[in-house]
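Presented below is the structure to which this report refers.
Along the sequence shown, residues carry numbers from 1.
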Amino acid sequence: MPTKSRLVLIPLIAMAMASCLSGCASTGPNMGDLIPQWAGGLPADAPPRPGTPQYDAFMKERERRRQMPAAEREKLPPVGSETAQPAPAR
């Protein structure tokens with residue numbers, strides 16, 4: 001390959017690769033949330049995303065359980081895996 005064509009070809013390839021990479025960046029940081037679990041997305045027991053109200057509740061429950069004695073903590077299901085508890089009767 002002549003040297004002049006190589007000098008033109010290398011920057012063109014680099015620009016094409018950079019544009020492909022920048023196109024992937026515009027999908028956002030939570031692309032894994034959109035992929036189904038069977039296709040390699042987030043598992044069903046993944047904790048909520050930081051910055052959401054569910055995350056704050058998750059972290060409070062996790063801290064509460066951390067302060068419990070180990071014997072009591074082992075009897076409980078993992079944090080986030082519980083089903084919604086019905087509201088207490090008034």
Side-chain angles (χ1 to χ4, degrees):
M1 177 179 274
T3 306
K4 287 187 179 188
S5 64
R6 187 176 294 163
L7 291 175
V8 173
L9 190 60
I10 290 174
L12 286 176
I13 292 173
M15 287 188 326
M17 290 172 60
S19 67
C20 288
L21 184 61
S22 67
C24 293
S26 66
T27 59
N30 300 334
M31 186 64 184
D33 293 347
L34 304 175
I35 301 172
Q37 182 180 355
W38 60 264
L42 286 174
D45 61 347
R49 294 281 183 190
T52 62
Q54 295 88 2
Y55 180 77
D56 296 335
F58 175 81
M59 293 305 288
K60 285 179 185 176
E61 177 64 16
R62 189 170 154 191
E63 180 63 22
R64 183 185 71 81
R65 287 187 179 201
R66 187 185 68 80
Q67 295 175 356
M68 293 174 81
E72 291 178 28
R73 189 175 33 214
E74 290 174 355
K75 296 176 186 175
L76 298 173
V79 178
S81 66
E82 303 94 14
T83 59
Q85 301 273 337
R90 294 182 185 198

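- Tracing side-chain contacts under 4.5 Å through hydrophobic residues (I, L, V, M, F, W, Y), one never reaches M17 starting from I10; they form parts of separate clusters.
- Environment of CZ in R62: sparse, with no more than 12 heavy atoms of neighbouring residues, nucleotides or ligands closer than 6.0 Å.
- Annotation for R73 and M68: closest pair NH1-O, 3.6 Å, computed over non-hydrogen atoms.
- A salt bridge is absent between K60 and E63: the closest approach of a Lys/Arg side-chain nitrogen to an acidic carboxylate oxygen does not fall below 4.0 angstrom.
- To the nearest 0.5 Å, atom CZ of residue R66 and atom CE of residue M59 are 10.0 Å apart.
- In this structure, the side chains of Q54 and F58 stay at 4.5 Å or more apart for every pair of heavy atoms.
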